[in-house]
Amino acid sequence: NAGVTQTPKFQVLKTGQSMTLQCAQDMNHNSMYWYRQDPGMGLRLIYYSASEGTTDKGEVPNGYNVSRLNKREFSLRLESAAPSQTSVYFCASSEPTGPGELFFGEGSRLTVL
Amino acid sequence: QQQVKQSPQSLIVQKGGISIINCAYENTAFDYFPWYQQFPGKGPALLIAIRPDVSEKKEGRFTISFNKSAKQFSLHIMDSQPGDSATYFCAASIGGYQKVTFGIGTKLQVIP
């Protein structure tokens with residue numbers, strides 16, 4: 001039972017390059033999320049998808065785009081990476097109602113030079 | 001501005017001692033308060049959660065205390081063990097789902 005799987009685990013980019021972080025979950029959850037984690041800032045929500053076919057902005061959406069490809073997959077794209085986007089990115093999934101437990105992947109560490 | 005304020009940012013406790021992490025919130029619409037535990041190189045995982053109609057919830061060595069009037073809640077880890085060394089995040093949400101707002105995290109180190 002893999003849970004939430006993120007790829008890649010590590011990536012180094014140059015300023016201005018683009019890349020996509022992939023996320024897949026096998027728990028049949030309806031809702032999926034992308035967070036970034038930075039020292040002293042905690043976890044901040046970038047985008048979320050309440051259900052297949054919908055996406056909404058979170059707290060820090062600027063510079064990112066997302067695609068809910070199907071119920072299992074939710075990708076995060078950086079069109080023109082900036083050093084301020086150096087961070088650890090976490091994908092999570094949950095049911096849209098109920099106790100609200102988020103199930104996180106192991107993270108993708110991104111460095112933008 | 002932080003909707004959920006967490007302190008301290010780091011904490012060192014001796015084995016067998018009590019670890020205490022405090023959080024405060026402003027939005028009275030929050031009605032679900034989970035705590036997440038994160039080990040190095042891993043994603044956060046739900047540890048324990050409470051709703052505001054309860055003043056205390058205990059699971060093993062972990063206890064959440066909730067003070068609705070003060071808009072504060074805290075995590076107590078009794079008989080702290082080196083295996084408890086991790087980063088702990090308090091969080092809050094409305095309706096228990098969707099936009100979960102996290103505190104900045106507390107890095108706990110339990111020394112032998």
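A, B, ... follow the sequence lines: proteins, then strands. Residue 1 opens every chain.
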Q.
With rounding to the nearest 0.5 angstrom, report the CD1 to CD distance, B/Ile104 to A/Gln37.
A. 11.5 Å
Q) Are more than 12 heavy atoms from other residues, nucleotides or ligands located less than 6.0 Å from atom CZ of A/Arg109? A) no
**Q.** Max heavy-atom pair count under 4.5 Å with chain A, selected residue of B/Ala45, B/Pro44, B/Ala91, B/Gly105
**A.** B/Pro44
Q: Rounded to the nearest 0.5 Å, what's the gap from CG on A/Leu43 to OH on B/Tyr36? Could you check?
A: 10.0 Å
Q. What is the distance from atom CE of A/Met41 to atom CZ of B/Phe102, rounded to the nearest 0.5 Å?
A. 14.5 Å
(Q) For B/Gln38 versus A/Phe90, what's the shortest heavy-atom pair and its separation? (A) NE2-CZ, 3.3 Å
Q.
Main chain of B/Val100, side chain of A/Tyr33: is a donor-acceptor contact present, judged purely on distance under 3.5 Å?
A. no
Q: Take atom NZ of B/Lys107 as the centre, draw a 6.0 Å sphere, and report whether it contains more than 12 heavy atoms from other residues, nucleotides or ligands.
A: no
Q) How about A/Gln17: does its CD atom have over 12 heavy atoms from other parts shown lying under 6.0 Å from it? A) yes
Q: Answer with yes or no whether the hydrophobic clustering places A/Val60 together with A/Phe104; edges join I, L, V, M, F, W, Y residues whose side-chain heavy atoms lie under 4.5 Å apart.
A: no
Q. Are A/Tyr48 and A/Leu102 connected in a single hydrophobic cluster, I mean Ile/Leu/Val/Met/Phe/Trp/Tyr linked by side-chain heavy atoms less than 4.5 Å apart?
A. yes
